[in-house]
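Below is one structure, written out as structure tokens; the observations come after it.
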Amino acid sequence: LNSFDFSKWSPSEQAALEFARKMTVASESVTDEEFARLVADFGDKQAACMVLLMAYSNFQDRLLICLQTNFD
């Protein structure tokens with residue numbers, strides 16, 4: 001993701017991607033304003049779905065790392 005050019009994405013999509021990155025790396029750094037923008041841009045249901053999907057994905061990733069699962 002670091003090498004992908006997101007400049008052609010809408011500002012809302014870029015903000016959602018940044019929200020997901022911050023939730024994954026340091027969730028305590030997400031501000032109320034950032035979450036409010038996500039809700040304003042996408043609505044309550046989609047924002048809730050994004051948060052739930054991120055939470056499950058991060059849980060699954062950490063679980064697989066703990067189990068030393070290798071998918072090579």
Side-chain angles (χ1 to χ4, degrees):
L1 285 175
N2 289 333
S3 63
F4 190 81
D5 180 20
F6 295 101
S7 64
K8 294 181 182 175
W9 288 27
S10 73
S12 295
E13 292 169 328
Q14 290 180 26
L17 186 61
E18 178 62 12
F19 176 82
R21 186 194 67 76
K22 287 178 81 173
M23 285 293 291
T24 299
V25 176
S27 59
E28 69 280 356
S29 68
V30 175
T31 65
D32 291 341
E33 292 78 20
E34 289 170 317
F35 183 72
R37 177 174 180 192
L38 190 72
V39 172
D41 289 345
F42 296 97
D44 290 335
K45 288 183 181 180
Q46 284 190 341
C49 287
M50 287 181 203
V51 171
L52 290 171
L53 181 61
M54 282 181 273
Y56 182 74
S57 297
N58 286 320
F59 161 75
Q60 184 178 30
D61 182 56
R62 287 168 175 89
L63 178 64
L64 294 175
I65 288 170
C66 288
L67 294 174
Q68 298 180 353
T69 306
N70 189 353
F71 292 105
D72 288 341

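When all heavy atoms are compared, the tightest approach of F6 to Q14 is O-NE2, 2.9 Å. Residues M23 and N58 approach most closely at O-ND2, 4.3 Å, considering heavy atoms. M50 approaches A16 most closely through the heavy-atom pair SD-CB, 4.4 Å.
Using a distance-only test at 3.5 Å, with no hydrogens or angles considered, no donor-acceptor pair links the side chain of Q46 to the main chain of G43.
Separating the CD atom in E28 from the NZ atom in K22 is a distance of 10.0 Å, to the nearest 0.5 Å.
Side-chain heavy atoms closer than 4.5 Å link hydrophobic residues (I, L, V, M, F, W, Y) into clusters, and following such links, even through other members, never connects L17 to M54. One hydrophobic cluster, built from ILVMFWY side chains closer than 4.5 Å, cannot hold both F59 and L52; they sit in different ones. The hydrophobic clustering, which links ILVMFWY residues whose side-chain heavy atoms are closer than 4.5 Å, places L53 and L38 apart.
Contact annotation: the side chain of R37 never approaches that of F19 to less than 4.5 Å [non-hydrogen atoms, C-beta and beyond]. Proximity of S29 to E34: side-chain heavy atoms (C-beta onward) are nowhere separated by under 4.5 Å.
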